[in-house]
Amino acid sequence: MFKKFSHEDVSAQNQVKASVQRRIRQSISDEYPGLETVMDDLLPKKSPLVVVKCQNHLNLVVVNNVPLFFNIRDGPYMPTLRLLHQYPEIMKKLQVDRGAIKFVLAGANIMCPGLTSPGGVLDDGVAEETPVAIMAEGKQHALAIGFTKMSAKDIKAINKGIGVDNMHYLNDGLWKMERLD
Amino acid sequence: MAEKLEAVKVLYCGVCSLPAEYCEFGQDFEKCKPWLIENAPEVYPHLIPKDADGNEVDKVTEKLQGAGIASGSAVLTTSKEGTSTGKEEVKRLPGGKVKKKDKKEVIIEKVVRNKRKCVTIVKGLDLFGVKLNDASKKLGKKFASGASVVKGPTEKEQVDVQGDISYDIVEFITDTWPEVPESAIYFIEDGRKVPAA
């Protein structure tokens, strides 16, 4: 979804009021309990939190001009890949096999066979409609952030079609937007 | 959890900005190679990517590096890889990664609305350095109708003029803006592009 994304897609950016800030903070820490200890570093209470509204009902949470989280409509907040690379343990991980990397990095959704094949790893605790980190066979870092379309069990059972929607991947528009000003 | 989560330091490639281990899947691995050799030799020992179609190419690299001319080998390999990289670039095009340059042309399209009324859309005037605001004013004056600058479907700006003015708009455009050649003006008829000249 960030395949074509640039500064032109930003329709408004506002510094949000304290109550909204609190709500964003709350939902992020609910979503990613692992981040609790670094929350104050990531979203310092003092520095202003900016919400950038973009096309397609997309919101970016920006602190000090660095995009940290994004969400769609009122969906769950997801970290950007740069943030996820720093704190890889905060999300559930799925791993795709080597053959899939090329396609994922071109923005393709993740198909079930790529997750169930010998190179892939499935976390059984993953439910449907949750954000997950997409790792790759033989690689250390995440290459994409996805939103599951079916639960891990279904992925295994059905083993066909799209298992995870590709939200954000390496070298897409959001990745290239290292700073926003 | 009292202990603070430690932020992981990730090595990002200085050329393509990807984490170093993903350079091989980046847009131009060849360009990253020198940087990788210098900064992340452990990620790609001897720079042997394992992807299937890269295999042959890299045997050459390896051999040359084995000969011990690092910089020279880089030059040599690029020349030897000429054919394969050419193939890659062609492959990349459908992915839309290589942007095509906009062709300089003016496209005129007539859109019928309400069966007997129509709007004439002029696209591409801005490519010739014509100010669209001026253009819409002039067109509106000349044809005594409403004319406005509208954002087109692909984020491009275009001029909409009310009424069917395709009969003498070509002359008007070439007269008013001499920098627009008649050969660069096209009509769209039945979904096909027809040169006006």
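Order of the sequence lines fixes the chain letters, A, B, ..., with proteins taken first and strands second; residue numbering starts at 1 for each chain. Model, not experiment: these values are computed from the prediction.
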Single-linkage hydrophobic cluster, 4.5 Å side-chain cutoff, [X] and [Y] together:
X	Y	answer
B:V119	B:I173	no
A:V126	A:M167	yes
A:M111	A:V121	no
A:M135	A:L122	no

Next item on the list: Check each atom of A:E178 against the heavy atoms of chain B and say whether the ones under 4.5 Å are side chain, backbone, both or neither.
Entry: neither
Next item on the list: Can you tell which part of A:A142 gets under 4.5 Å to a heavy atom of chain B, answering side chain, backbone, both or neither?
Entry: backbone
Note to self: Does B:D134, at its CG atom, have more than 12 non-hydrogen atoms belonging to other residues, nucleotides or ligands within less than 6.0 Å?
What the structure shows: yes
Notebook entry, point to check: Is A:E129 atom CD crowded by more than 12 heavy atoms from other residues, nucleotides or ligands, each under 6.0 Å away?
Noted result: yes
Check: Given the options A:K176, A:H85, A:K139, A:R82, which has more heavy-atom pairs under 4.5 Å with chain B than any of the others?
Finding: A:K139
So, taking the atom named [atom1] in [X] and the one named [atom2] in [Y], what distance separates them when rounded to the nearest 0.5 Å?
X	Y	atom1	atom2	value
B:L18	A:H141	CG	NE2	11.5 Å
B:F25	A:F103	CZ	CZ	10.5 Å
A:L170	B:Y22	CG	OH	6.5 Å

Note to self: So B:V10 and A:Q86, do their side chains get closer than 4.5 Å, heavy atoms only?
What the structure shows: no
Notebook entry, point to check: Using 4.0 Å as the upper bound for N to carboxylate O, is an ion pair formed by B:E21 and A:R98?
Noted result: no
